Colleague: 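Here it is, the structure, as structure tokens.
Values reported hereafter were calculated over all heavy atoms of this structure, with side chains retained and with hydrogens, waters and symmetry mates removed. Please read these numbers as outputs of a predicted model, since none were measured by experiment.
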There are 2 protein chains.
Amino acid sequence: MKIPGYEIDLEKAVKIIKNKKYERVLLQITEGLKIHISKFIEFLEEETSASVIISADQCFGACDVVSSELKDMKIDFVIQIGHTQLPNIEDYLIPTLFINAKSDIDISIVIKKAVHVIKGKKIGLITTSQHIDSLKHAIKILKDNNFEPIIGKSSSRVESDGQILGCDFSAARSISKQVDTFLYIGSGNFHPLGLALSTNNPVIVCDPYTNQVKVDELIDIKDMILRQRYGAIARSKDAKIFGILIGTKKGQQRIELALKIKDKLNSKKKKSILLIQNHFTASILESFRDIDCFVSTACPRIAIDDYMQYKVPIITPIELDILLGIKKWEDYQFDEILI
Amino acid sequence: MKIPGYEIDLEKAVKIIKNKKYERVLLQITEGLKIHISKFIEFLEEETSASVIISADQCFGACDVVSSELKDMKIDFVIQIGHTQLPNIEDYLIPTLFINAKSDIDISIVIKKAVHVIKGKKIGLITTSQHIDSLKHAIKILKDNNFEPIIGKSSSRVESDGQILGCDFSAARSISKQVDTFLYIGSGNFHPLGLALSTNNPVIVCDPYTNQVKVDELIDIKDMILRQRYGAIARSKDAKIFGILIGTKKGQQRIELALKIKDKLNSKKKKSILLIQNHFTASILESFRDIDCFVSTACPRIAIDDYMQYKVPIITPIELDILLGIKKWEDYQFDEILI
């Protein structure tokens with residue numbers, strides 16, 4: 001079906017529901033598409049006889065997989081709109097279909113604009129799921145202008161090559177030594193910031209919605225974040241009790257890492273408490289008043305993007321290693337969920 | 001083990017952990033006891049070799065049962081401190097021990113004070129889990145003063161007779177026709193308010209922490225809440241789209257009721273959307289802007305206790321029946337989770 005700006009293959013879901021005779025269907029919808037909820041429900045209710053139930057939880061990524069309680073309630077099919085599947089997750093408690101929200105925006109205008117400012121020859125092309133089908137247009141334009149576009153191979157956590165997630169920049173890291181610069185196609189700072197932090201290459205941002213080409217803006221944001229990270233580590237030097245966060249979301253269960261961190265802190269005579277939750281927020285964690293520093297093994301973005309909301313510093317596992325003197329600041333790396 | 005004000009049989013948990021050789025133990029702790037977290041962890045870490053992990057989620061009741069993700073992470077035992085088990089729930093994904101927090105406060109002072117103001121002869125004695133063992137002292141004092149104390153039978157959702165939960169007042173309802181008045185032992189308004197709303201008998205509150213006997217205070221609060229409920233129904237008369245809330249917590253999964261409500265609204269030509277979540281909050285639900293009224297089949301207390309936080313009215317299933325003209329205001333009943 002078409003919604004303004006996107007093509008969403010809800011028809012595929014309809015076929016499966018009819019074919020499998022599913023009766024209770026759960027819809028998980030990424031935040032940006034929630035304004036279209038009524039259209040999704042209407043479409044499914046008109047085309048099928050299933051009861052359609054909306055997950056009211058915020059759905060930040062394909063790691064947000066539903067849990068056993070929904071099975072208790074006889075929900076027999078889950079549709080997640082706006083994310084591509086994490087291919088390394090195979091065992092879904094309830095059959096789950098991921099439907100990408102494919103943007104119908106024309107990316108050629110902004111790419112044609114970008115060719116005038118790109119320095120270097122080898123260009124790493126990077127984007128997110130909604131523009132993945134448009135990469136071919138970008139490749140053609142770059143080649144026509146004598147650049148050498150390169151698509152990096154993604155890890156097995158990511159559906160397409162050239163695609164990044166907020167917690168997986170393997171498509172960029174795999175080619176960072178070959179390329180002169182990255183060209184990121186998409187809007188917002190969330191993804192390109194991770195891209196800039198996870199490699200040392202320059203990043204040009206091509207926003208097809210505003211047709212803006214941003215060459216330097218990201219450098220300032222990256223610098224600010226790195227200063228913040230340095231500050232977070234410095235502020236935690238004298239921490240007496242650490243809170244180690246473990247996320248329960250299927251794509252981010254790093255309990256083994258968390259247990260190793262506890263052992264590491266023990267060996268340095270530092271106290272720590274293991275905390276588990278599905279969706280961590282600063283306000284929930286405020287009730288643990290004894291804790292001087294949080295180390296997050298949950299979504300890597302919590303420490304970076306929500307930093308200002310926390311009253312005590314929140315750091316990543318790599319940053320803890322720097323704090324403990326196991327790694328040096330010069331070895332700073334952006335935390336990603338690796339498999 | 002002893003903590004200030006309470007006796008908590010964590011020794012029982014230690015025995016089970018050693019006996020079953022559990023390695024990863026999750027602690028769920030009721031909000032009021034969270035300040036003692038460090039003591040619980042220290043005790044378990046000293047007495048066993050298990051890794052102790054804290055659930056950072058707020059744990060409001062025994063309905064808050066952990067879900068499958070924790071099993072994925074090889075957590076093999078769950079201890080919930082501060083609630084008694086819901087005996088009707090038997091199938092736990094991970095073996096779960098409920099440890100009551102037994103108050104060590106002496107209730108006799110306030111009961112002796114109360115005997116001077118009680119009107120009537122037959123007294124329904126009601127309390128919550130932490131004072132359940134003290135009921136026997138209250139019985140003796142009342143008998144010594146020529147009253148006839150009666151302990152009401154609880155439903156199969158409640159561990160002890162005479163005990164109420166925020167969503168189950170069967171211990172009171174089962175004897176409401178026999179008794180002249182209820183005598184509630186405990187602090188706060190949460191439980192006695194539900195008690196006052198679920199029966200029509202007078203309720204005397206005996207607070208053993210302040211030794212206050214409250215005879216009339218509850219009448220005012222009950223009146224205020226009933227005025228609020230009447231207002232919520234009136235404000236929803238012209239609602240075009242209803243949001244029907246379904247809770248995923250094991251003890252409050254009323255999806256069948258939710259589906260019936262949707263059919264009922266359909267038959268009255270009213271639109272509705274089914275929304276599912278583990279822990280509903282007003283802020284999360286604000287993103288569903290089309291909805292004019294929420295009907296909660298999740299925890300019955302959300303509509304009553306959190307009412308002021310919601311921008312659109314939130315009502316209970318019984319209140320919806322009144323709104324739709326299926327029931328009359330005179331038939332108003334407090335929503336409880338019945339089995």
Colleague: A/Ala56 and B/Phe280: which non-hydrogen atoms are nearest, and at how many Å?
Modeller: CB-CE2, 4.2 Å
Colleague: Determine the minimum heavy-atom distance between B/Asp57 and A/Asn278, stating which atoms define it.
Modeller: OD2-N, 4.3 Å
Colleague: Write down the atom of B/Glu69, the atom of A/Val65, and the distance for their closest heavy-atom approach.
Modeller: OE2-O, 4.1 Å
Colleague: Measure across B/Met73 and A/Thr248 and return the closest heavy-atom pair with its distance rounded to 0.1 Å.
Modeller: CE-CA, 3.6 Å
Colleague: Using heavy-atom distances under 4.5 Å, tell me whether A/Leu93 contacts chain B through its side chain, its backbone, both, or neither.
Modeller: side chain
Colleague: Would B/Glu256 and A/Arg24 pass as an ion pair if we require N to O under 4.0 Å?
Modeller: yes
Colleague: Quick one: do B/Lys262 and A/Glu45 make a salt bridge, cutoff under 4.0 Å?
Modeller: yes
Colleague: Is atom CD of A/Gln309 surrounded by more than 12 heavy atoms (other residues, nucleotides or ligands) closer than 6.0 Å?
Modeller: yes
Colleague: Above 12 or not: heavy atoms from other molecules or residues under 6.0 Å from NZ of A/Lys2?
Modeller: yes
Colleague: In Å, rounded to the nearest 0.5 Å, how long is the span from CG of B/Asp290 to CD1 of A/Ile37?
Modeller: 8.5 Å
Colleague: Does the side chain of A/Ile54 reach to within under 4.5 Å of the side chain of B/Ile273, using non-hydrogen atoms?
Modeller: yes
Colleague: Of the backbone (N, CA, C, O) and the side chain (C-beta and beyond), which part of A/Leu245 lies under 4.5 Å from a heavy atom of chain B, both, or neither?
Modeller: neither
Colleague: Checking A/Ile246 against chain B: side chain, backbone, both or neither under 4.5 Å from a heavy atom?
Modeller: side chain
Colleague: Nearest 0.5 Å, what's the CD1-CD1 distance between B/Ile276 and A/Ile75?
Modeller: 4.0 Å
Colleague: Relative to chain B, which segment of A/Ile284 carries a heavy atom at a distance below 4.5 Å: side chain, backbone, both, or neither?
Modeller: side chain
Colleague: Please classify the contact of A/Leu70 with chain B as side chain, backbone, both or neither, using a heavy-atom distance under 4.5 Å.
Modeller: side chain
Colleague: Looking at B/Leu274 and A/Val52, what are the two nearest heavy atoms and their distance?
Modeller: CD1-O, 3.7 Å
Colleague: Below 4.5 Å, heavy atoms only, C-beta onward: do B/Lys271 and A/Glu42 meet side chain to side chain?
Modeller: yes
Colleague: What option among A/Ile41, A/Asp72, A/Ile244 has the most heavy-atom pairs under 4.5 Å with chain B?
Modeller: A/Asp72
Colleague: What part of A/Ile35 lies closer than 4.5 angstrom to a heavy atom of chain B: side chain, backbone, both or neither?
Modeller: neither
Colleague: At a 4.5 Å cut-off on heavy atoms, which part of A/Lys71 comes close to chain B: side chain, backbone, both, or neither?
Modeller: neither
Colleague: Is it the side chain or the backbone of A/Gln28 that comes within 4.5 Å of chain B heavy atoms, both, or neither?
Modeller: neither
Colleague: Output the distance between atom CG (B/Leu259) and atom NZ (A/Lys74), rounded to the nearest 0.5 Å.
Modeller: 10.5 Å
Colleague: How many angstroms lie between NZ in A/Lys34 and CZ in B/Arg289, if you round to the nearest 0.5 Å?
Modeller: 12.0 Å
Colleague: B/His279 vs A/His279, test: side-chain contact (heavy atoms from CB on, under 4.5 Å). Steps then yes/no.
Modeller: CA-CA 11 Å; B/His279 174 47; A/His279 174 48; over 6 Å; no
Colleague: Side chain, backbone, both or neither: which part of A/Ser51 has an atom under 4.5 Å from a heavy atom of chain B?
Modeller: side chain
Colleague: For B/Leu275, which atoms come within 4.5 Å of any heavy atom of chain A: side chain, backbone, both, or neither?
Modeller: both
